[in-house]
Number of protein chains: 2
Amino acid sequence: MARRNDHSRDEIREMALAAAEKLVSAQGAKGLSARKVAAAIGYTVGTLYLVFDNLDDLILQINARTLDRLHDRMLEELARHKDPMERLLQLGHTYISFADEETHHWELVFEHRLPEGQQPPEWFREKVARMFSLVETSLEPLATTRSPDEIKQAAAALWSGVHGICILAISKQLDVAGVDSVQDLTHSLMSNYLRGFVGSNR
Amino acid sequence: MARRNDHSRDEIREMALAAAEKLVSAQGAKGLSARKVAAAIGYTVGTLYLVFDNLDDLILQINARTLDRLHDRMLEELARHKDPMERLLQLGHTYISFADEETHHWELVFEHRLPEGQQPPEWFREKVARMFSLVETSLEPLATTRSPDEIKQAAAALWSGVHGICILAISKQLDVAGVDSVQDLTHSLMSNYLRGFVGSNR
DNA sequence: ACCTGAACACCGTTCAAGT
DNA sequence: ACCTGAACACCGTTCAAGT
């Protein structure tokens with residue numbers, strides 16, 4: 001058998017990504033395999049390799065779409081609030097909520113590892129950087145006395161913190177630590193850090 | 001072939017764990033497989049299943065040993081300092097250094113996922129809880145006006161933050177965010193948070 | 001030109017059968 | 001009693017050959 005031409009390259013690509021996302025959201029990273037994706041779209045495994053370099057490439061494409069959804073949510077949230085402090089806090093809550101709602105997708109973004117020594121492509125790194133920028137610009141009006149470099153550092157610290165809460169919450173390790181509300185914890189982390197950061201000059 | 005009796009059950013167990021740890025530290029989680037471990041110790045794959053429930057069980061045992069090493073390092077660090085603030089800050093740096101030195105082992109602890117719906121056994125959760133306790137008790141003398149519950153929450157927030165920095169640093173996502181020193185970032189996170197937490201009453 | 005089918009080199013896990 | 005060897009049901013990736 002061979003030659004079908006039912007779908008264009010782009011259509012196959014889109015079908016494959018949709019099928020893969022369905023597998024991931026239902027069963028997580030372990031539930032994803034090239035063979036299952038191929039079966040789900042009615043093509044042979046070989047066909048996937050005409051459209052993606054390999055499974056890592058496919059995963060990178062899924063992750064790009066996840067990061068886009070997350071970024072959209074954060075932008076919407078920023079549009080909803082005017083008070084600078086409120087904006088920043090809501091950004092944190094949006095991040096946590098997203099991780100909670102799309103747990104498997106969120107995990108795939110941050111826990112997928114490329115083969116030893118390989119770096120994600122530039123366009124992917126850009127999507128991560130964009131998220132940090134959002135935090136930075138939201139932080140600026142709250143710390144007008146600080147240098148751009150200090151703000152960059154603070155945004156990174158703040159976002160690492162929120163990210164860490166997400167990770168530990170998802171892997172259920174915060175229950176162990178006796179935390180009952182993840183959103184309260186996030187609020188505590190952000191507001192205390194900000195009080196420390198804004199309130200003094202060293 | 002069959003029956004060799006060269007090694008006791010416990011010896012096989014120890015040999016397997018050592019071989020597995022060697023694989024992980026050299027190549028990360030992806031480099032680990034039951035077949036490779038068996039080959040490395042000169043037994044058949046089947047033999048591994050006489051000593052471990054399955055690969056997840058083997059990984060849990062490796063992770064337990066990693067958590068023990070980390071805990072030891074943290075205890076040593078606490079013994080080296082008297083000033084409460086210094087103790088807490090050094091705890092953070094120790095955590096980061098450990099993750100930096102034993103990256104693959106550290107990743108295996110926090111990124112290995114049990115099959116959907118399965119929880120780590122109680123003895124494992126205990127080892128994680130023990131780490132949070134260390135932070136809690138180090139935090140206490142710095143915030144004498146706070147309730148035990150507030151201190152618990154603060155320890156969780158603080159440790160989530162340090163943990164988040166570790167994760168992002170290991171996955172190289174902090175370079176993207178324009179951070180040059182991970183230890184500086186950790187210091188900034190902890191000291192600003194503590195200033196906020198200690199300095200005020202709400 | 002487009003896709004398949006089969007191959008290759010791997011997996012985790014089980015268990016009847018050999019010594 | 002202890003361990004093997006072979007089987008089963010999966011993997012990712014490649015590529016000659018069919019239409």
Side-chain angles (χ1 to χ4, degrees), chain A residues 1-17 19-24 26-63 108 111-118, chain B residues 1-17 19-24 26-63 108 111-118:
Chain A
M1 226 192 293
R3 148 125 61 173
R4 315 197 345 188
N5 240 337
D6 291 351
H7 306 279
S8 74
R9 224 71 158 179
D10 273 357
E11 282 169 337
I12 293 179
R13 195 189 125 90
E14 181 53 39
M15 288 160 65
L17 282 176
E21 283 173 338
K22 205 168 157 186
L23 284 168
V24 169
Q27 315 174 44
K30 275 186 188 154
L32 180 65
S33 84
R35 294 175 122 102
K36 283 191 204 163
V37 171
I41 65 172
Y43 278 81
T44 322
V45 222
T47 304
L48 280 188
Y49 288 81
L50 300 167
V51 174
F52 302 100
D53 295 340
N54 48 43
L55 202 64
D56 284 323
D57 180 32
L58 191 161
I59 289 174
L60 224 47
Q61 310 294 333
I62 297 177
N63 287 347
L108 195 64
E111 290 176 7
H112 175 247
R113 294 285 171 261
L114 290 173
E116 193 88 77
Q118 247 180 72
Chain B
M1 225 190 293
R3 147 127 61 171
R4 315 197 345 188
N5 240 339
D6 291 350
H7 307 278
S8 74
R9 224 72 160 178
D10 273 357
E11 282 169 336
I12 293 180
R13 196 189 125 89
E14 181 53 38
M15 289 160 64
L17 281 176
E21 283 172 338
K22 205 168 156 188
L23 284 168
V24 168
Q27 315 173 43
K30 274 184 191 159
L32 179 66
S33 84
R35 295 176 122 100
K36 284 192 204 164
V37 170
I41 65 173
Y43 278 80
T44 323
V45 224
T47 305
L48 281 187
Y49 287 81
L50 299 168
V51 175
F52 302 101
D53 296 339
N54 48 42
L55 201 63
D56 283 323
D57 181 33
L58 192 160
I59 290 175
L60 224 47
Q61 309 295 333
I62 298 177
N63 287 347
L108 196 64
E111 290 176 5
H112 175 246
R113 295 283 172 260
L114 290 173
E116 194 86 79
Q118 247 180 73

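All chains are named by letter (A, B, ...) in the order of the sequence lines, taking the proteins before the strands, and each is independently numbered beginning at 1. What you see is a predicted model; the values in this text were computed from it and never measured.
In this structure the side chain of B/Leu32 reaches within 4.5 angstrom of the side chain of B/Ile59, judged on heavy atoms. With a 4.5 Å cut-off on side-chain heavy atoms, B/Leu114 and B/Glu116 do not count as touching. A/Phe52 places a side-chain heavy atom less than 4.5 Å from the side chain of A/Leu17.
The OH-C1' distance, from A/Tyr43 to C/dT4, rounds to 12 Å in whole Å. In this entry the distance linking CZ of B/Arg13 with P of D/dC3 reads 16 Å, nearest Å. Here the P atom of nucleotide D/dC11 and the CD atom of A/Gln27 are 10 Å apart, to the nearest Å. Regarding A/Arg9, its CZ atom lies at a distance of 7 Å from the C1' atom of C/dC2, rounded to whole Å. Rounded to an integer number of Å, the gap from NE2 of B/His7 to C1' of D/dT4 is 15 Å. Rounded to whole Å, atom P of C/dC10 lies 16 Å from atom CG of B/Leu32. In this structure, A/Leu23 atom CG and D/dC11 atom P are separated by 10 Å, rounded to whole Å. Between the C1' atom of C/dA16 and the CG atom of B/Leu50 lies a distance of 14 Å, rounded to the nearest Å.
At a threshold of 4.0 angstrom between heavy atoms, the contacts of A/Ser33 are confined to the sugar-phosphate backbone, with no base atom among them. Within 4.0 Å (heavy atoms only), B/Lys30 reaches no atom of the nucleic acid at all.
Atom-to-atom distance recorded for B/Asn63:CG and B/Glu21:CD is 9.5 Å, nearest 0.5 angstrom. Atom CG of residue B/Leu55 and atom CG of residue B/Leu60 lie 11.0 Å apart, to the nearest 0.5 angstrom. To the nearest 0.5 angstrom, B/Thr47 atom OG1 is 10.5 Å from B/Met15 atom CE. In this structure, the separation between CD on B/Glu14 and CD1 on B/Ile41 is 11.0 Å, given to the nearest 0.5 Å.
Between D/dA9 and C/dC10, the two C1' atoms lie 14 Å apart (nearest whole Å). On the C1' atoms, D/dC8 is 12 Å away from C/dC11, given to the nearest whole Å.
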Canonical and wobble pairing (Watson-Crick, G-U, under 3.5 Å) of DNA chain C, dot-bracket with |: ||.|||||...|||||.||

Just the table, please: protein N/O against nucleotides 13-15 of chain C N/O, every pair under 3.5 Å.
from	atom 1	to	atom 2	distance (Å)
C/dT13	OP2	B/Tyr49	OH	2.5
C/dT13	OP2	B/Leu55	N	2.9
C/dT13	O5'	B/Tyr49	OH	3.2

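Considering all non-hydrogen atoms of both residues, B/Leu48 and B/Ala38 come closest at CD1-N, 4.1 Å.
Sequence neighbours left out, not one pair with a member in residues 28-57 of chain A passes salt bridge (charged side-chain N to carboxylate O under 4.0 Å, His left out).
The side chain of A/Arg4 approaches C/dT4 more closely than any other nucleotide in the set C/dT4, C/dC2, D/dC3.
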